[in-house]
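What follows is a single structure, written as structure tokens, with notes after it.
Every chain is numbered from 1 and lettered A, B, ... according to where its sequence line falls, protein lines coming before strand lines. Keep in mind it's a predicted model, so treat the numbers as computed, not measured.
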2 protein chains.
Amino acid sequence: MARKRTLDSAAVVRAAAEIADADGLDLLTLARVAERLDVRVPSLYNHVDGLTGLRRDLALAGVRASTDAIRRATVGVSGDAALLALCRAYRSFARAHPGQYAASVRAPGPGDAALEEASEELIGVVLAILAPYQLDATAATHAIRGLRSIIHGFVSLEMAGGFGLPLAIDESFEQLVATFIAGLGRAR
Amino acid sequence: MARKRTLDSAAVVRAAAEIADADGLDLLTLARVAERLDVRVPSLYNHVDGLTGLRRDLALAGVRASTDAIRRATVGVSGDAALLALCRAYRSFARAHPGQYAASVRAPGPGDAALEEASEELIGVVLAILAPYQLDATAATHAIRGLRSIIHGFVSLEMAGGFGLPLAIDESFEQLVATFIAGLGRAR
DNA sequence: AGTTATAAGCTAATACTATTAGTTTGTCAA
DNA sequence: TTGACAAACTAATAGTATTAGCTTATAACT
């Protein structure tokens, strides 16, 4: 009974995102996804390449969603204001979707065309925002690495509770970003 | 046969560190630890509070070891040079002991006296190095958070292969740290 | 509309995990 | 030497992912 076709890949990833965002990536399990979708565990394998594949799909969704969020937040602004908006938008996304964020961070690097393309697109958005600073290629590479480092570092420490008291955390973030932006201006 | 007492807590954590550093924290399993120590899995429970407890012990060892590494690297230096040495030492430690580093990052926050004490000690070392900058209390808090963010962000992205080509990664790190230090001077 | 091929979802089985309970036995101290 | 303690064990349970193979709903095609 009840063997109607209800699943598809998108629904599985969506359910996984909800679980990971609510309870953490570590508690994302095929059993929980199946339960949420009211389906048996092996059925998931028709739409997803095991737990590893599900995590990859989640990472891909996370990269794309964060790219969209950054785009939305920076449309119509430029310069320092755009860079600041980018940082805030990325942090907001990570706080709103910690599971997808975590998945996108510990995603496997090379050999995945779609994931690499999505990452390239995100980097392209950031590069566009950095354009007014007129950095040469190597300086832009350093800048992007630095930017990713400070945002990712801050956000992941914040999400891990690594800052102890939540006192003035927003202010710490603003200062850190401001310092980085000032350093960029200095390098121009 | 062979029921001699061979284990103790330190030996278990040491074996766990070797596994986690070699193959990654995700592949640290009680079964592998037991196999390496030539012991049955349940025997580990006499020395360690399950897998969760083992990860915690590993985190504690990681925090203490990184504190030591920073101390060794900064003895006899001060000012910008000490701050730079701190950053380099922390990055070196993470690269040399990725498993312990990862464990120390995703350690559970509050309610663990020993872990909190070790973290406080590490923060104390950093505060001492920041002393010459004469920051007031809130500025020092922001500075420490920023410093941890950039180092942790850079190192974890680097270890995850997040920078793609390994081109000039050292240079990216040096620039990032230099930018931060310059920003600190500006705030003085 | 009827037939058929495909594939979705299922059951069953396997092989890993971690964890707890309870037993045996080596070790150390009285 | 003896006795208590604790370490390491066996056995059992429950949870995980994964693969194989069966049923049957769905969709395409005559």
Side-chain angles (χ1 to χ4, degrees), chain A residues 1-61 99-100 102-103 106-108 111-112, chain B residues 1-61 99-100 102-103 106-108 111-112:
Chain A
M1 53 169 82
R3 263 198 215 110
K4 284 193 188 160
R5 297 164 125 94
T6 60
L7 256 49
D8 65 5
S9 177
V12 176
V13 175
R14 203 178 321 125
E18 290 167 5
I19 293 170
D21 285 341
D23 300 339
L25 185 59
D26 291 332
L27 275 68
L28 172 64
T29 173
L30 292 183
R32 291 196 58 187
V33 174
E35 184 188 15
R36 170 176 282 250
L37 293 170
D38 199 31
V39 137
R40 304 293 174 175
V41 174
S43 305
L44 300 173
Y45 283 76
N46 290 318
H47 306 280
V48 137
D49 193 12
L51 181 61
T52 305
L54 180 57
R55 289 211 193 102
R56 190 222 76 125
D57 293 347
L58 192 60
L60 183 58
Q100 292 178 66
R106 65 157 108 150
D112 187 324
Chain B
M1 53 168 79
R3 266 200 210 105
K4 284 190 189 161
R5 299 165 125 95
T6 59
L7 256 49
D8 64 6
S9 179
V12 175
V13 175
R14 203 180 320 127
E18 289 167 5
I19 292 170
D21 285 342
D23 300 339
L25 185 59
D26 292 332
L27 275 69
L28 173 63
T29 173
L30 292 183
R32 292 196 57 188
V33 174
E35 184 188 15
R36 170 177 281 251
L37 293 170
D38 199 32
V39 136
R40 305 293 173 174
V41 174
S43 305
L44 300 174
Y45 283 76
N46 289 317
H47 305 279
V48 137
D49 191 11
L51 181 61
T52 305
L54 179 57
R55 290 212 193 101
R56 190 222 76 124
D57 293 347
L58 193 60
L60 183 58
Q100 292 178 67
R106 64 158 110 152
D112 187 323

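If you take CG of B:D49 and P of C:dA18, they are 14 Å apart, rounded to a whole angstrom. Per the geometry, CG belonging to B:D8 stands 12 Å off C1' belonging to D:dA7, to the nearest Å.
The heavy-atom pair separating A:R55 from A:A103 by the smallest distance is O-CB, 4.1 Å. Between B:V41 and B:A31 the shortest heavy-atom distance is CG2-CA, 3.8 Å. Between B:A61 and B:V13 the shortest heavy-atom distance is CB-CG1, 4.4 Å. Shown here for B:R106 and A:D26, the closest heavy-atom pair between the two residues is NH1-OD2, 4.0 Å. Taking all atoms of both residues into account, the shortest heavy-atom contact from A:G99 to A:L58 is O-CD2, 4.3 Å. Shown here for B:S43 and B:L7, the closest heavy-atom pair between the two residues is O-CD2, 4.2 Å.
B:D49 CG: 12 or fewer foreign heavy atoms inside a 6.0 Å radius.
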Just by protein heavy atoms under 4.0 Å, how would nucleotides 23-30 of chain C read 5' to 3' in B, S and -?
--SBS---
Would B:V12 and B:L54 count as a side chain to side chain contact (heavy atoms under 4.5 Å, CB included) if you check the C-alpha gap in whole Å, the side-chain angles of each, and the deciding distance to 0.1 Å?
CA-CA 8 Å; B:V12 175; B:L54 179 57; 4.0 Å; yes
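Near DNA chain C, defined here as any heavy-atom distance below 4.0 Å, the residues from residues 22-47 of chain B are B:T29, B:L30, B:A31, B:V41, B:P42, B:Y45, listed numerically.
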